[in-house]
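Throughout, numbering of the chain's residues begins at 1 and tracks the sequence.
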Amino acid sequence: MDPFVRLDQTTRRREDDRGWLEVIYESEAMVLKRSFSKAGVFRGLHVQRAPSEQTKVIRVVSGAIVDVVVSMDDPARALHTTRLTPEDGWVRIGAEYAHGFYALQDTVFEYVCDGGYDEASEQAFSIADRLPALLGVDTVILSDKDRAAPPLTAAGTE
């Protein structure tokens, strides 16, 4: 039995005016993705709910971001932020957090998720109206999907 199992995976890339996203490897057990985001792009907030929760391990390869998370277990849905650069290395984001990031400059970002992508379990929330004040920025570039997401509100409110 060969101890080296070769994985027959072809990288899939999607491009738009924000940059690109590559799915480098995907199985039922894990996903490895890399993205390029132009300065001013916000990707998120996204979370996968039961039965397909995902813990993420993320890093900035080049550039700089403000990472944004919110615990879905927190009734107040308080936002938490941190600035990340390549020097920060890998960072773990628990499955209970909706996650997104704002590219402070042109940025290459990588992440590994435990478990496969399950569109039916994914939820997206918009915080676009809060980003200028939260981050002290004027420009926020969003995907159509993120722009159409319902606003993040306290649990139990509409």
Side-chain angles (χ1 to χ4, degrees), residues 14 16-23 26 28-61 63-158:
R14 291 182 302 222
D16 62 24
D17 60 340
R18 298 170 300 141
W20 48 259
L21 173 71
E22 293 177 335
V23 178
E26 184 170 18
E28 291 181 12
M30 69 173 289
V31 180
L32 172 59
K33 294 181 181 180
R34 179 181 303 131
S35 68
F36 167 76
S37 298
K38 296 176 183 175
V41 166
F42 182 76
R43 295 185 185 263
L45 293 171
H46 304 142
V47 65
Q48 279 194 193
R49 305 298 287 209
S52 300
E53 302 95 327
Q54 288 183 321
T55 296
K56 296 177 183 174
V57 181
I58 65 169
R59 75 175 179 151
V60 174
V61 177
I65 66 169
V66 174
D67 210 54
V68 181
V69 298
V70 60
S71 172
M72 301 311 292
D73 297 333
D74 174 10
R77 302 280 166 90
L79 296 173
H80 303 274
T81 64
T82 190
R83 186 176 192 278
L84 296 175
T85 66
E87 291 75 28
D88 293 302
W90 290 97
V91 176
R92 180 185 176 277
I93 308 292
E96 71 274 18
Y97 291 96
H99 173 258
F101 69 88
Y102 179 84
L104 294 167
Q105 53 191 253
D106 289 357
T107 298
V108 176
F109 180 84
E110 289 182 332
Y111 56 106
V112 179
C113 303
D114 67 340
Y117 174 68
D118 179 13
E119 186 175 4
S121 297
E122 182 181 45
Q123 288 184 302
F125 300 97
S126 175
I127 59 167
D129 61 330
R130 296 162 64 180
L131 287 171
L134 179 70
L135 303 175
V137 298
D138 295 324
T139 302
V140 179
I141 304 165
L142 299 168
S143 69
D144 291 340
K145 174 183 171 180
D146 289 342
R147 189 177 295 105
L152 178 70
T153 58
T157 63
E158 293 185 25

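Rounding to the nearest 0.5 Å places CZ of Arg59 at 4.5 Å from CH2 of Trp90. Atom CG of Asp146 sits about 10.0 Å away from atom CD1 of Ile127, to the nearest 0.5 Å. The structure places CD of Glu122 at 12.5 Å from CZ of Arg49, a figure rounded to the nearest 0.5 Å. Rounded to the nearest 0.5 angstrom, Lys38 NZ and Thr107 OG1 are separated by 13.0 Å. Here Leu32 contributes atom CG and Glu22 contributes atom CD; the two are 9.5 Å apart, rounded to the nearest 0.5 Å. Note that SG of Cys113 and NZ of Lys33 are 6.0 Å apart. Values are rounded to the nearest 0.5 Å.
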Exercise for the section: Report the C-alpha separation of Tyr97 and Lys56 in whole Å, then their side-chain angles, then the decisive distance to 0.1 Å, and conclude whether the side-chain contact (heavy atoms from CB on, under 4.5 Å) test is met. Expected result: CA-CA 10 Å; Tyr97 291 96; Lys56 296 177 183 174; over 6 Å; no
Handout entry: Stepwise side-chain contact (heavy atoms from CB on, under 4.5 Å) test for Thr55 and Glu53
Key = CA-CA 7 Å; Thr55 296; Glu53 302 95 327; over 6 Å; no
Problem - Test log, rule side-chain contact (heavy atoms from CB on, under 4.5 Å), inputs Val68 and Leu45 - result: CA-CA 8 Å; Val68 181; Leu45 293 171; 4.0 Å; yes
Practice task
Give the C-alpha distance, both sets of side-chain angles, the deciding distance and a yes or no for side-chain contact (heavy atoms from CB on, under 4.5 Å) between Leu84 and Ile58.
Solution key: CA-CA 10 Å; Leu84 296 175; Ile58 65 169; 3.9 Å; yes
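Counting only heavy atoms from C-beta outward, the side chains of Tyr102 and Thr81 never approach each other to under 4.5 Å. Taking the side chain as every heavy atom from C-beta outward, Arg34 and Glu110 approach each other to under 4.5 Å. Residues Val91 and Asp67 are not in side-chain contact: their nearest non-hydrogen atoms beyond the backbone lie 4.5 Å or more apart. In this structure the side chain of Val66 never reaches within 4.5 angstrom of the side chain of Val137, judged on heavy atoms.
Shown here for Gln48 and Asp118, the closest heavy-atom pair between the two residues is OE1-N, 3.0 Å. The heavy-atom pair separating Phe109 from His99 by the smallest distance is CZ-CE1, 3.9 Å. Residues Thr85 and Val60 share a closest heavy-atom pair of C-CB, 3.9 Å. Nearest heavy-atom pair across Tyr117 and Glu26 is CB-OE2, 3.3 Å. Across all their heavy atoms, Arg130 and Arg77 have their closest contact at NH2-O, 4.3 Å. Counting all heavy atoms, side chain and backbone alike, Gly63 lies closest to Gln105 at CA-OE1, 3.4 Å.
For Asp144, the salt bridge (Lys or Arg N to Asp or Glu O under 4.0 Å) partners two or more places apart in sequence, or in a different chain, are Arg147.
Applying the 6.0 Å contact sphere to CG of Asp138 captures no more than 12 heavy atoms from other residues, nucleotides or ligands.
In summary, the side chains of Asp74 and Ser71 do not present any donor paired with an acceptor at a separation below 3.5 Å, with no hydrogens or angles considered.
The backbone N or O of Met30 sits nowhere less than 3.5 Å from a side-chain atom of Asp114 that would complete a donor-acceptor pair.
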